[in-house]
**Q** 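Supplied in structure tokens, the structure appears directly below.
Nothing fancy with the numbering, it's 1 onward along the sequence.
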Amino acid sequence: LKQYSKVVYALSLFCGGAFSAVRLMNSHIFRLKMFEMGLSRRELKLFNTKRLWSVVLLENVPQLVVQIYFLSITSDSLSTIAISSIVFSCVSMVVTVLKLATDRKIFSDEKVSVVTVKVTGNSVVNQRQRFRSLRNELQSELSMLLEVHRESIEIMKPALISSGVLLRFFIYEASSMTVDRCQVVSTAVDNGAFSDIVLRAWQLADTPVVSDAKYE
């Protein structure tokens with residue numbers, strides 16, 4: 001991120017704000033390294049909660065004050081443009097606050113499990129650069145293993161290691177769920193089912209070794 005800090009500042013000016021710039025820097029567009037910030041979906045949402053201070057308190061409220069002041073000193077007290085501007089500013093603040101309140105409610109009701117595993121083997125080493133962008137197939141396979149919706153799993157870009165890749169993924173589910181998804185993954189790693197999943201998803205020549213599972 002430090003390497004592309006100037007690009008982030010430039011995009012913030014171009015996009016009209018840091019929130020859009022950070023989302024763009026995390027979009028993996030064109031598979032360029034500069035657009036791979038590496039933030040998870042939850043981390044992006046947590047960053048967006050700062051809109052309450054930067055957008056509502058430091059942008060919408062001062063703007064509303066100026067608009068009301070202008071309306072109070074202008075001779076045309078029923079200026080359609082000024083009144084419309086005030087109405088839209090109020091709507092913008094209400095929508096932003098409601099969205100942030102909804103996000104906070106989702107965060108409080110959401111349970112997140114983070115799993116990291118090593119995927120090693122000759123077939124992985126030989127094509128590991130290609131596998132860094134093949135996450136959709138793996139996401140579908142893992143959703144069937146864990147018996148959750150496909151969108152409940154977020155796979156981060158695998159990190160390269162000398163013997164293969166380091167795979168890290170998030171499992172999102174309601175906090176009321178009692179199934180231990182990490183235990184399901186642990187069992188799949190131990191009995192070889194996880195290796196078979198990677199074999200099918202990445203269409204490897206031979207079965208990889210999945211090991212060193214860590215849970216957060």
**Q** Same hydrophobic cluster for V148 and V117, using side-chain heavy-atom links shorter than 4.5 Å among ILVMFWY?
**A** yes
**Q** Might you point out which heavy atoms bring V119 and L167 nearest each other, and give the distance in Å?
**A** CG2-CB, 4.3 Å
**Q** If you compare all heavy atoms of I161 against all heavy atoms of T120, which two are closest, and at what distance to 0.1 Å?
**A** CD1-CG2, 4.5 Å
**Q** Kindly indicate, with the supporting measurements, whether the criterion side-chain contact (heavy atoms from CB on, under 4.5 Å) is fulfilled by F194 and V115.
**A** CA-CA 12 Å; F194 203 115; V115 182; 5.7 Å; no
**Q** What distance do T116 atom OG1 and M156 atom CE have between them, rounded to the nearest 0.5 Å?
**A** 10.5 Å
**Q** Quick one: does L39's side chain get under 4.5 Å of R23's, heavy atoms only?
**A** no
**Q** State the OG-CE distance between S12 and M25, to the nearest 0.5 angstrom.
**A** 9.5 Å
**Q** Any chance CZ of R42 has more than 12 other-residue heavy atoms, nucleotides or ligands included, within less than 6.0 Å?
**A** yes
**Q** Side chain of S195, backbone of P208: donor and acceptor closer than 3.5 Å?
**A** yes
**Q** Testing the basics here: between F35 and L24, what is the closest heavy-atom pair and its distance to 0.1 Å?
**A** CD2-O, 3.4 Å
**Q** Ignoring hydrogens and geometry, is there a side-chain-to-backbone donor-acceptor pair from S92 to F88 under 3.5 Å?
**A** no
**Q** What do you reckon, is CG of D190 surrounded by more than 12 foreign heavy atoms closer than 6.0 Å?
**A** yes
**Q** Just checking, is any N or O donor in the side chain of Y172 or E110 under 3.5 Å from an acceptor N or O on the other one?
**A** no
**Q** Okay, side chain of Q139, backbone of I153: is any donor-acceptor separation there less than 3.5 Å?
**A** yes
**Q** Main chain of E154, side chain of R135: is a donor-acceptor contact present, judged purely on distance under 3.5 Å?
**A** no
**Q** Taking all heavy atoms of V179 and all of K111, pick out the closest pair and write down the distance.
**A** O-NZ, 4.1 Å
**Q** Using the side-chain contact (heavy atoms from CB on, under 4.5 Å) rule, take D180 and Y215 through it: C-alpha gap first, then chi angles, then the decisive distance, then the call.
**A** CA-CA 11 Å; D180 188 349; Y215 311 97; over 6 Å; no
**Q** Nearest 0.5 Å please: distance from the CG atom of L142 over to the CD atom of E137.
**A** 11.5 Å
**Q** Roughly how far, to the nearest 0.5 Å, is CD1 of I83 from CD of Q67?
**A** 11.5 Å
**Q** With hydrophobic residues grouped by side-chain heavy-atom distances under 4.5 Å, do V95 and M93 end up in a single group?
**A** yes
**Q** Write down the atom of S163, the atom of V125, and the distance for their closest heavy-atom approach.
**A** O-CG2, 3.2 Å
**Q** Once salt bridge (Lys or Arg N to Asp or Glu O under 4.0 Å) is applied, do any residues pair with R200, and if so which ones, sequence neighbours excluded?
**A** E141
**Q** Do F169 and L160 share a hydrophobic cluster, counting only Ile, Leu, Val, Met, Phe, Trp and Tyr and linking them when any side-chain heavy atoms are less than 4.5 Å apart?
**A** yes
**Q** Going from CG on N26 to CZ on F47, what distance comes out if it is rounded to the nearest 0.5 angstrom?
**A** 11.0 Å
**Q** For the residue pair S123 and A205, what are the closest heavy atoms and their distance?
**A** CB-N, 4.1 Å
**Q** Using side-chain contact (heavy atoms from CB on, under 4.5 Å), reason through R168 and E216 one step at a time and then give a plain yes or no.
**A** CA-CA 11 Å; R168 185 168 182 253; E216 301 174 29; 4.1 Å; yes
**Q** Are V189 and I155 co-members of a hydrophobic cluster defined by side-chain heavy atoms under 4.5 Å apart?
**A** yes
**Q** Clusters formed by hydrophobic residues whose side-chain heavy atoms approach within less than 4.5 Å: which one holds L98, and what are its other members?
**A** V94
**Q** I need the E147 CD to R181 CZ distance, nearest 0.5 Å.
**A** 7.0 Å
**Q** Should we say atom NZ of K214 is surrounded by more than 12 heavy atoms from elsewhere, each under 6.0 Å from it?
**A** no
**Q** Are L145 and V210 connected, step by step, through hydrophobic side chains (Ile, Leu, Val, Met, Phe, Trp, Tyr) whose heavy atoms are closer than 4.5 Å?
**A** yes
**Q** Transitive ILVMFWY cluster of F14 at side-chain heavy atoms under 4.5 Å: who else is in it?
**A** none
